[in-house]
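Below, read A as the first sequence line, B as the second, and so on, with proteins coming before strands; counting in each chain starts at 1.
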Amino acid sequence: MIKVLFFARLQDETGKESIEVDKTNITVDDLKQHLEEEYNLSSLSHTMVAVNENYADGSTTLKEGDTLALIPPVSGG
Amino acid sequence: MIKVLFFARLQDETGKESIEVDKTNITVDDLKQHLEEEYNLSSLSHTMVAVNENYADGSTTLKEGDTLALIPPVSGG
Amino acid sequence: MTEKKRFIVTEEPISVDDVIHKVIRRECGAITTFLGTVREFTHGRRTLHLEYQAYKSMAEKMLADIDKEVSEKWPEAISAVTHRIGRLEITDAAVVVAVSSPHRQTAYEANQYIMERIKQIVPIWKKEHWEDGTSWVGDQLGTTSYPEGKPPERSFE
Amino acid sequence: MTEKKRFIVTEEPISVDDVIHKVIRRECGAITTFLGTVREFTHGRRTLHLEYQAYKSMAEKMLADIDKEVSEKWPEAISAVTHRIGRLEITDAAVVVAVSSPHRQTAYEANQYIMERIKQIVPIWKKEHWEDGTSWVGDQLGTTSYPEGKPPERSFE
């Protein structure tokens, strides 16, 4: 299982703060594509991600128990 | 009468915060020289002055009722 | 310096004095603070209020990471940051950054650097509530590319 | 912005919040503050405490003059300054400068400019109390020449 966190626009689009996805050994890019299809999201191709609270790139492979956060452009401060 | 204000080192040297000098129509430079002699002060030749709370130069002529402040290098902040 | 947590994301109003007290030290002569406050008008459009959302645990971690960058660039500087989330009204402080240093130039520069980095890499999002709707601020449609998979190392407004 | 006096020289401890509140405005998104605090060590020498003296009326006038310079350079900035005088202990704030502006770059720059100008032209003097004596800070022996009869228009540390 991989935990996926949604924030900002993506949280509004999905209506959820987080979901659990029953996949492992999948790359970030592949999981993004799966999520786009499953939740009919606007493109995630340029959306940053963090794996276990560290920024990561699309080729990162997700392991059992990882947390993937989808991070739209930040606007704090 | 001209009022003269002393601050910092000059206040310590004279032991006074201010004095009244019975002169008028005298330039700042001439009054500085008079004060050096009268109070045995270390040289005032490079000490800044303010006349009535505005920085002024040595050639300024002091009038009856003016306030001359001798301003050692400032160190606020 | 107290051992209080220096990097915080909270729903509570921010006390500037509390943030300052985390960085006061006997060897310091200079403390700078920055308050980011909610502005009523942006490009002539009236904001009614703002709503901030954070990935709280990661945001606090990124603030501490920024502090490490600061320590490398300015070893004498100590920083503390509190970012507020939830609903904020006009003039409320959304973020307070405090930096102490023996000398003032470092305190200004490090403070400015922290604010730039917060806007680049800390996972916090702002939703504007206008008279006629709402919108998440920033390029939320993903047209900005981050080929490195993370925000660029450094950029200026 | 309240109509409270924005440029003050006082013997009382300074409240940072009070100074900030003089510059908060609905059109502002950024407030910077600078606190000049009493440092224990300067070039390895221990300070026990400091004593500040001011030509109070002229000092407040010069602070207001600096504000006019700021308004010309950064029309959107509003500033407030409180300088404390008398005896100050280690970590006490001697000066608090607050600047508000719609955008942060201006708030940082104007704040830094005000501090530079305070150190150049505001008639306030600092006496260090060391373990083995006292001394007025600065070139008190008058070896610096001011041919213009006043401090230079601008210089940087």
Side-chain angles (χ1 to χ4, degrees), chain B residues 2-20 26-63 65-77, chain D residues 9 34-38 50-66 81-85 93-97 112 114-128 134-153 157:
Chain B
I2 292 164
K3 187 169 187 181
V4 179
L5 308 180
F6 299 115
F7 295 100
R9 169 182 65 87
L10 295 169
Q11 195 173 102
D12 288 356
E13 283 188 23
T14 59
K16 293 174 195 296
E17 292 187 17
S18 69
I19 57 168
E20 305 240 308
I26 182 174
T27 66
V28 165
D29 281 342
D30 288 346
L31 183 55
K32 274 180 169 180
Q33 201 180 341
H34 169 76
L35 292 168
E36 282 175 15
E37 290 159 6
E38 193 82 358
Y39 291 88
N40 197 26
L41 295 173
S42 22
S43 170
L44 296 177
S45 57
H46 294 304
T47 301
M48 284 187 290
V49 300
V51 176
N52 304 330
E53 302 187 359
N54 291 305
Y55 284 109
D57 59 32
S59 63
T60 306
T61 299
L62 297 162
K63 303 181 310 293
D66 277 351
T67 296
L68 175 77
L70 294 167
I71 306 209
V74 302
S75 51
Chain D
V9 175
F34 178 87
L35 279 74
T37 57
V38 179
L50 289 185
E51 187 188 329
Y52 280 91
Q53 193 180 87
Y55 183 6
K56 188 173 183 296
S57 55
M58 181 174 168
E60 291 182 345
K61 183 172 171 298
M62 295 312 289
L63 291 171
D65 282 359
I66 293 170
V81 180
T82 300
H83 202 303
R84 186 172 167 195
I85 55 173
V95 65
V96 175
V97 176
Q112 204 158 1
I114 291 168
M115 277 306 300
E116 283 159 8
R117 294 296 278 156
I118 286 173
K119 287 175 177 282
Q120 288 167 358
I121 65 168
V122 177
I124 296 179
W125 298 270
K126 175 162 71 174
K127 193 180 205 171
E128 292 267 8
T134 66
S135 63
W136 288 101
V137 174
D139 183 11
Q140 294 271 325
L141 292 176
T143 52
T144 304
S145 171
Y146 291 100
E148 306 292 336
K150 61 185 171 186
E153 177 63 18
E157 268 191 19

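Contact of D:Ala59 with chain B is not made at all, since no heavy-atom distance falls under 4.5 Å. Only the side chain of B:Leu5 comes within less than 4.5 Å of a heavy atom in chain D; its backbone stays farther off. Contacts between B:Ser18 and chain D at a heavy-atom distance below 4.5 Å are absent for every atom of the residue.
For B:Lys16, there are no side chain to side chain donor-acceptor pair (under 3.5 Å) partners two or more places apart in sequence or in a different chain.
Smallest separation of non-hydrogen atoms from D:Ala94 and B:Gly77: CB-O, 4.3 Å. Heavy atoms only, all atoms of each residue included: D:Trp136 and B:Asp12 are closest at NE1-OD2, 2.8 Å. Summarising the geometry of B:Val74 relative to D:Ile121, their closest heavy-atom pair is CG2-N, 4.2 Å, with the distance given to 0.1 Å.
Using a 4.5 Å heavy-atom threshold, the side chains of B:Pro72 and D:Trp125 count as touching.
Checking D:Met62, D:Glu60, D:Met58 one by one against B:Glu53, the side chain to side chain contact (heavy atoms under 4.5 Å, CB included) holds for a single residue, D:Met58.
Surrounding NZ of B:Lys3 are at most 12 heavy atoms belonging to other residues, nucleotides or ligands under 6.0 Å away.
The greatest number of non-hydrogen atom pairs below 4.5 Å with chain B, out of D:Met115, D:Arg84, D:His83, D:Gln53, is found for D:Gln53.
Under the 3.5 Å distance criterion, the side-chain polar atoms of D:Tyr55 are left unmatched by any main-chain donor or acceptor of B:Ile71.
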